[in-house]
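Have a look at the structure below before the remarks.
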Amino acid sequence: MPEIDPTDHEIADLGPKIKEVDDADELREMLELEEDGEDRPPVKTLIESRIEKLEEDDAEVDPESVDLSDLTVADIANLVRGVDDADVLREMLEREEAGQDRKTAKGQIEDRIESIEGSDDEDGEELEYVPPEEKHPDLDHPTADKQWVERLEDAEYRDMWVYCETQHGELIDVSMEMLGKARQLMDDYNDRYGGDEDGEPEDVVAVLIGDSVGDLAEQVIEFGADRVVSLEDDRLERFRHKPYTEIFCSMARAGGQVADEGHEDVDWKDYDEPRYTVFPATNNGRDLSALVQGELDSGLASDCSGLYIEEAMISNPAKTGNPGDSKEFERILHMKRPDFSGFEYSTILCIDKPFRDFHPQGASVIPGSFDLPEPDSEREGEVVEYEMDLDDDWFAVDVTEFDTLDSGIDLTGHDVVVAMGRGIGDSPTEGIELGLDLVDAFDDAAFGLSRGVITSSYNFEGHVESYIGEDRQIGESGQVVEPDVYVAAGISGAIQHKVGMDESDTIVAINSDPDADIRGFSDYYIEGDLFEVLPRLTEAVEAGELATAVAEASDD
């Protein structure tokens, strides 16, 4: 008898429960109980999909015997990455040529062979280095001190640095989320690569800048940092572009070839710059990440929702140095972010080129993209109180008056999120009230908005106006939520919104447009006027019949 009897649960409750079951046989027993009981098609689909995923994960593919015609090009790319025997790869190439003979599939296999044996062009003419000032004598650039950017000689890069933003003297959630993800990434990194190039484990380094931030050092360690580097000054109570950038970059360069004067001999760092840097994609974090990465002569992938580290096979001659050559780059941070072209994601890589380093590999992370880790009070780490002179000119502009929010709105961690979009149309106040009514009907629900509502010129009346603010925005430039049930009312489903909610277990969309983009990634699509549909859903929730009402109203 399985631990979970699906007939005892509503459809909306089953999604997260089924995802936690890792035994295919137990899932089959659950499927039998459902078929003998209520026999609900959506529930059976959920269970069958989970069984299929588990069995796919368990299936081991033997590269020496696999039928390549059964694999996609992406499957082949993933498969050959783990093959180190060039003869096996050549046999795979022969089978592909005798079968579907796909150019892209053959290219993946050939690239892997080259990465193992080297390119045929390796004995060719060696690239000649021409200093930038000789190659481009007429170059005119407003930042003269960065006019010639080139690699450091025998540069060393180590560790993943995480900028931990604070508010009102406390860590904001995304700072803790990034620390948890960084801890996971660097643990996997050390297992995979055996640490740095000298075999020493690489660390998670947390950066704290502000007023009285040193008090947070132990908490940062509990969430995953190996080392905390902090600088306190009462002039840093509020975020300021110039001093925050100068401080972070001074920390990053301390002890290296380009260390700021007076910081060459630090005993906690013996490399040139961080290997990776991660910032929150908040208003302040976006500013700081761009400024820091620019100052450190590297690139930035902004507004990321996924990070992982692995090899990358590159054939671009700008990176390899020779046309037709392929090169495998190791220890590359793959930074996943939404693509503006549609419902796709782009993976950004920050890769060196001949005579030019691109380190740190930097990313900013959308709040809510990663799970909030559990603190470990037993963890130990190093605390560094960084010292440097802060130039008075950095504080030449003073803010004399400003408003501070007592607290923001956290939409994460709720069972249900109800979000409203531009479908509120000509009656925006009534539309928001209907959404709030639905929120109140649930035991644990939060109210969110699409960017379209926040940036619109709607006139809201009464108490409704207090619910319209950027802190309720869901999407690429707002919060990322993963509730059990996400109700999207009057939201078209642009990619910028999708990235903020598409990991929800069950998505219920209400829209009068039969071709709205959100239809493509909703579990239930109710084609109708939200002013008519929302009251019916509210009544169904209050009567405990939400699943039935949604199933009846949906035409999918």
Side-chain angles (χ1 to χ4, degrees), residues 1-61 70 343 371 412-419 438-439 441-446 481-489 491 493 498 501-511 514 516 518-528 533-556:
M1 183 72 178
E3 291 186 13
I4 301 172
D5 184 345
T7 61
D8 293 337
H9 301 276
E10 295 290 334
I11 297 175
D13 297 331
L14 278 172
K17 295 181 183 296
I18 290 173
K19 286 183 178 180
E20 294 176 358
V21 180
D22 296 323
D23 187 330
D25 290 334
E26 182 177 351
L27 288 164
R28 290 189 183 90
E29 293 178 11
M30 292 171 60
L31 184 60
E32 291 180 7
L33 289 173
E34 180 64 29
E35 290 172 339
D36 294 340
E38 298 190 35
D39 199 32
R40 294 164 293 181
V43 173
K44 292 192 293 184
T45 299
L46 279 172
I47 300 174
E48 289 167 349
S49 297
R50 180 60 179 166
I51 293 172
E52 182 178 345
K53 183 178 187 308
L54 289 176
E55 292 181 340
E56 285 179 357
D57 292 344
D58 290 341
E60 291 188 7
V61 178
D70 292 336
F343 296 99
D371 293 335
T412 62
H414 294 277
D415 294 340
V416 179
V417 172
V418 177
L438 181 56
V439 168
F442 288 103
D443 292 332
D444 179 24
V481 296
E482 301 179 8
D484 296 340
V485 178
Y486 186 86
V487 180
I491 296 175
K498 179 177 184 287
M501 45 66 77
D502 66 339
E503 292 298 321
S504 303
D505 289 323
T506 301
I507 299 173
V508 179
I510 305 164
N511 204 296
I518 200 170
R519 184 172 196 153
F521 55 93
S522 298
D523 298 289
Y524 297 94
Y525 189 80
I526 302 175
E527 184 181 330
V533 175
L534 283 178
R536 292 174 57 190
L537 290 185
T538 301
E539 291 177 5
V541 173
E542 292 173 343
E545 300 174 350
L546 175 63
T548 301
V550 169
E552 290 177 351
S554 172
D555 62 356
D556 283 347

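Every heavy atom of this structure was used, including side-chain atoms; hydrogens, water molecules and symmetry mates were not.
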Original post:
Mind checking what makes side chain to side chain contact (heavy atoms under 4.5 Å, CB included) contact with A509, not counting sequence neighbours?
Top reply: I518, S522, Y525
Original post:
What's the shortest heavy-atom distance between D502 and I507, and which atoms?
Top reply: CA-CD1, 4.2 Å
**OP:** Return the minimal non-hydrogen interatomic distance between I4 and M30, and the atom names on each side.
**Re:** O-CG, 3.4 Å
**OP:** Hey, could you give me the CD1/CD1 distance between I18 and I47, rounded to the nearest 0.5 Å?
**Re:** 4.5 Å
Original post:
Does the D444 side chain pair with the main chain of D415, one donor and one acceptor, at a distance under 3.5 Å?
Top reply: yes
**OP:** Would you indicate whether E3, at its atom CD, is surrounded by more than 12 heavy atoms from other residues, nucleotides or ligands within a distance under 6.0 Å?
**Re:** no
Original post:
Going through the distances and angles, do V481 and Y486 end up as a side-chain contact (heavy atoms from CB on, under 4.5 Å)?
Top reply: CA-CA 9 Å; V481 296; Y486 186 86; 3.9 Å; yes
Original post:
Looking at NE2 of H414 and CG of D443, how far apart are the two atoms once the value is rounded to the nearest 0.5 Å?
Top reply: 13.0 Å
Original post:
If you take all heavy atoms of V21 and R50, which pair is closest and at what distance?
Top reply: O-NE, 3.0 Å
Original post:
So which heavy atom on P483 is nearest to which on V417, and how close?
Top reply: CG-CG2, 3.9 Å
**OP:** Calculate, to the nearest 0.5 Å, the distance between atoms CD and CZ belonging to E35 and R40 respectively.
**Re:** 12.5 Å
Original post:
What pair of heavy atoms forms the shortest contact from D505 to D523, and how long is it?
Top reply: O-OD2, 3.5 Å
**OP:** For residues E48 and L31, determine if any side-chain heavy atom of one lies less than 4.5 Å from a side-chain heavy atom of the other.
**Re:** yes
Original post:
Rounded to the nearest 0.5 Å, how far apart are CG of D5 and CG of L33?
Top reply: 5.0 Å
**OP:** To the nearest 0.5 angstrom, please state how far the OG1 atom of T506 sits from the CG atom of D484.
**Re:** 7.5 Å
Original post:
Residues two or more places apart in sequence or in another chain: which of them pass side chain to side chain contact (heavy atoms under 4.5 Å, CB included) with L534?
Top reply: M420, L434, L438, A489, I510, L530
Original post:
Quick one: NZ on K498 to CD1 on I491, what's the gap to the nearest 0.5 Å?
Top reply: 14.0 Å
Subject >> Whether over 12 other heavy atoms sit under 6.0 Å from D39 CG >> reply: yes
**OP:** Taking all heavy atoms of T7 and all of E38, pick out the closest pair and write down the distance.
**Re:** O-OE2, 3.3 Å
